[in-house]
Visitor: 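One structure is given below, represented as structure tokens, and several questions about it will come after.
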Amino acid sequence: MSQQLILVLNCGSSSLKGAVLDNASGDVLLSCLGEKLGLPDAYITFKFNGEKNKVQLSSNPNHTGAVEALMEELKKHGFDSSIAAIGHRVVSGGETYSESILIDEAVIAGIEKCIPLAPLHNPANLLGIRAAQEIFKGLPNVAVFDTAFHQTMPEHAYMYAVPQELYKQHGLRRYGFHGTSYRYVADEAARFLGKDKNSLRMVIAHLGNGASISAIAEGVSKDTSMGLTPLEGLVMGTRSGDIDPAVFGFLADNAGLSVSEATDLLNKKSGLLGLSGLSSDCRAIEEGALEGHPGAKLALEVFVYRLAKYVGSMAVAAGGLDVLAFTGGIGENSDIIRSKVLDYVSFLGFTEDKEANTKARFGNAGVITTADSKAIAVVIPTNEELMIAQDTARLSGL
Ligand code: ADP
């Protein structure tokens, strides 16, 4: 049988991330990043065999133009006729979608209906879907939702303590995000440890620029730190995470900020960046802290403390804690943060293996607790593209 390739698309409002995976091996053969989409100087960068190639999108500087340029690049490598299906990351499926689904017009309408829950992301995801349908005519398209995995959360975990009409009329509740990553890491952690996923009480910390943490027991999500939007929960690169909701009134009264200005401040100027006054990037924060930068030291301590507190609360949600897994750029690489977290939660039965922790980085999985540690901590590199590609292949009947 000839090679079958899956195209995975992840569209933001001004960006498009794409990857072409071999359906048999799961290997990424080509990847791309379109940036500044919607602006006249939009471009797309392709990565193939370790080499980068930048293409200006002058005639059509939008999502469709980016997908057209991707098609041209695929033709160049003889991949175009092997693309068998396209998988799309869709941020919010609300309560409608608890699993990935083959896209038809009804699903497009369903994703449109969820726009109020992800006003920046779902419209961009729809642009990617429309562009793919137009340019890759006749191929199956599959939607894989960031929220889907968390649809198993019990009511007491997803409800806010506000008047119920707001939930009934507007869908105001906690949804959670990073679901595709959690699904992948939960499977992979169990596989790596040689244990049955359904009998493990797991807490997984997905720590990237956006960061969240989830409780997984009986193989499903029981709770997660992000809520109605990705602002709730952990300290992130530029997001505050949990904050007293009265801060909106406080900022209006004392700093003259409108609701949208305060929202912007909490989403884009807070977190590691706001606390440190230095950077949103964890590496820069760690380097700054080592050099004695007071803001960086504070940012690191607040980040770690909030994270450790959440490990405790997610252990409640999971009904105990057998395995703590770290993933995402920070979780996979920062032995400093992992070590500080394990120190805080040592009372839950974790004994760090310092050498193993220092070694676990650069995309390698590894146990970072000692052999006699009562609970296990492990580093598991995430692979959302692979999960999307696998769902896409399965739902497309490949
Ligand atoms: P995104 O959420 O955009 O996918 P990533 O998962 O790529 O983000 O994570 C990006 C974060 O990972 C950044 O804060 C970056 O500084 C951090 N990171 C990457 N490598 C290291 C490292 N060696 N040590 C500490 N942090 C790292």
Side-chain angles (χ1 to χ4, degrees), residues 8-19 28 31-35 45 47 89 91 118 120-121 124 144 146 176-182 184-185 188 204-214 224-226 229-241 267-276 278-291 293 295-297 299-304 306-307 325-342 357-366 368 379-388:
V8 173
L9 291 182
N10 177 359
C11 289
S13 52
S14 63
S15 70
L16 176 147
K17 270 192 218 162
V28 175
S31 61
C32 67
L33 176 62
E35 292 176 278
T45 312
K47 209 166 143 193
R89 176 184 179 210
V91 167
L120 298 178
H121 294 100
V144 179
D146 253 29
F177 298 89
H178 290 142
T180 312
S181 174
Y182 288 123
Y184 178 81
V185 174
E188 200 51 25
I204 302 176
H206 176 111
L207 311 173
N209 286 313
S212 70
I213 185 164
S214 260
T224 191
S225 59
M226 285 179 169
T229 76
L231 183 55
E232 190 178 338
L234 302 178
V235 175
M236 309 178 213
T238 61
R239 294 183 207 137
S240 63
N267 272 296
K268 298 188 183 150
K269 298 175 193 150
S270 299
L272 294 177
L273 175 66
L275 276 167
S276 68
L278 184 69
S279 173
S280 63
D281 189 281
C282 185
R283 268 166 303 198
I285 295 296
E286 288 186 359
E287 282 161 21
L290 283 173
E291 287 161 9
H293 186 285
K297 281 162 74 176
L300 192 60
E301 291 312 321
V302 177
F303 181 94
V304 167
R306 177 86 55 85
L307 175 54
F326 291 93
T327 195
I330 299 172
E332 290 166 31
N333 293 296
S334 174
D335 54 314
I336 298 178
I337 285 174
R338 293 190 304 245
S339 178
K340 284 175 178 284
V341 170
L342 290 180
N357 184 34
T358 314
K359 278 191 193 150
R361 53 169 62 193
F362 306 126
N364 293 317
I368 57 169
V379 176
I380 302 286
T382 193
N383 195 341
E384 287 159 281
E385 281 87 9
L386 180 62
M387 193 92 263
I388 295 174

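For ligands, and for the atoms within them, numbers begin at 1 and follow the listed sequence. The structure displayed is predicted, hence computed values, not measured ones.
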Visitor: Check whether the side chains of Glu332 and Thr327 place a donor and an acceptor atom closer than 3.5 Å, and report yes or no.
Guide: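 On atom types as modelled, these side chains qualify, holding a pair under 3.5 Å.
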Visitor: Side chains of Thr180 and Asp146: does their closest heavy-atom pair fall under 4.5 Å?
Guide: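 Result yes, sub-4.5 Å side-chain heavy-atom pair found.
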Visitor: State, yes or no, whether a side-chain contact exists between Val341 and Arg338 at a heavy-atom distance under 4.5 Å.
Guide: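 Not in contact.
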Visitor: For atom 24 (N) of ligand 1, find the nearest protein heavy atom and state the residue, atom name and distance (0.1 Å precision).
Guide: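 The answer is Arg283 CG, 3.6 Å.
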Visitor: Does atom 4 (O) of ligand 1 have a protein heavy-atom neighbour under 4.0 Å away?
Guide: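 Within 4.0 Å: no protein heavy atom nearby.
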Visitor: Could Glu301 and Lys340 be called an ion pair, given the rule that one side-chain N must be under 4.0 Å from one carboxylate O?
Guide: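 Salt bridge present between Glu301 and Lys340.
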Visitor: Return a yes/no value for Cys282: is any of its N or O atoms, backbone included, closer than 3.5 angstrom to an N or O of ligand 1?
Guide: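 Among all N and O atoms of Cys282, at least one is under 3.5 Å from an N or O of ligand 1.
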Visitor: Give me the atom names and distance for the closest heavy-atom approach of Gly328 to Thr382.
Guide: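 That would be N-CG2, 4.4 Å.
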Visitor: Using heavy-atom distances only, which candidate in Asn209, Asp335, Asp281, Asn333 approaches atom 15 (C) of ligand 1 most closely?
Guide: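 Among Asn209, Asp335, Asp281, Asn333, the closest heavy atom to atom 15 (C) of ligand 1 belongs to Asp281.
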Visitor: Between the side chain of Tyr182 and the main-chain N/O of Ile213, is any donor-acceptor distance below 3.5 Å?
Guide: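 Confirmed, Tyr182 side chain pairs with Ile213 backbone.
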Visitor: Output the list of atoms in ligand 1 that are nearer than 4.0 Å to some heavy atom of Ser334, sorted by atom number.
Guide: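 Under 4.0 Å from Ser334, ligand 1 has these atoms: 25 (C).
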Visitor: Going by distance only, is there an N or O of Gly328 that falls short of 3.5 Å from an N or O of ligand 1?
Guide: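 Not met; the criterion fails.
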Visitor: Please state which protein non-hydrogen atom is closest to atom 18 (N) of ligand 1 and give its distance, to 0.1 Å?
Guide: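 Checked against all protein heavy atoms, atom 18 (N) of ligand 1 sits closest to Gly329 O, 3.6 Å.
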Visitor: Who's the nearest protein heavy-atom neighbour of atom 17 (C) of ligand 1, and how far?
Guide: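 Residue, atom and distance for the closest contact: Ile330 CG1, 3.6 Å.
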Visitor: Between Glu332 and ligand 1, which residue portion shows a heavy-atom distance shorter than 4.0 Å: side chain, backbone, both, or neither?
Guide: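 Within the 4.0 Å criterion, Glu332 makes no contact with ligand 1.
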Visitor: With a cut-off of 6.0 Å (strictly less than), are more than 12 heavy atoms of other residues, nucleotides or ligands near NE2 of His121?
Guide: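 It does not: His121 NE2 has 12 such atoms or fewer within range.
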Visitor: For Gly210 and ligand 1, answer yes if some heavy atom of the residue is under 4.0 Å from a ligand atom, otherwise no.
Guide: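 Gly210: in contact with ligand 1 (<4.0 Å).
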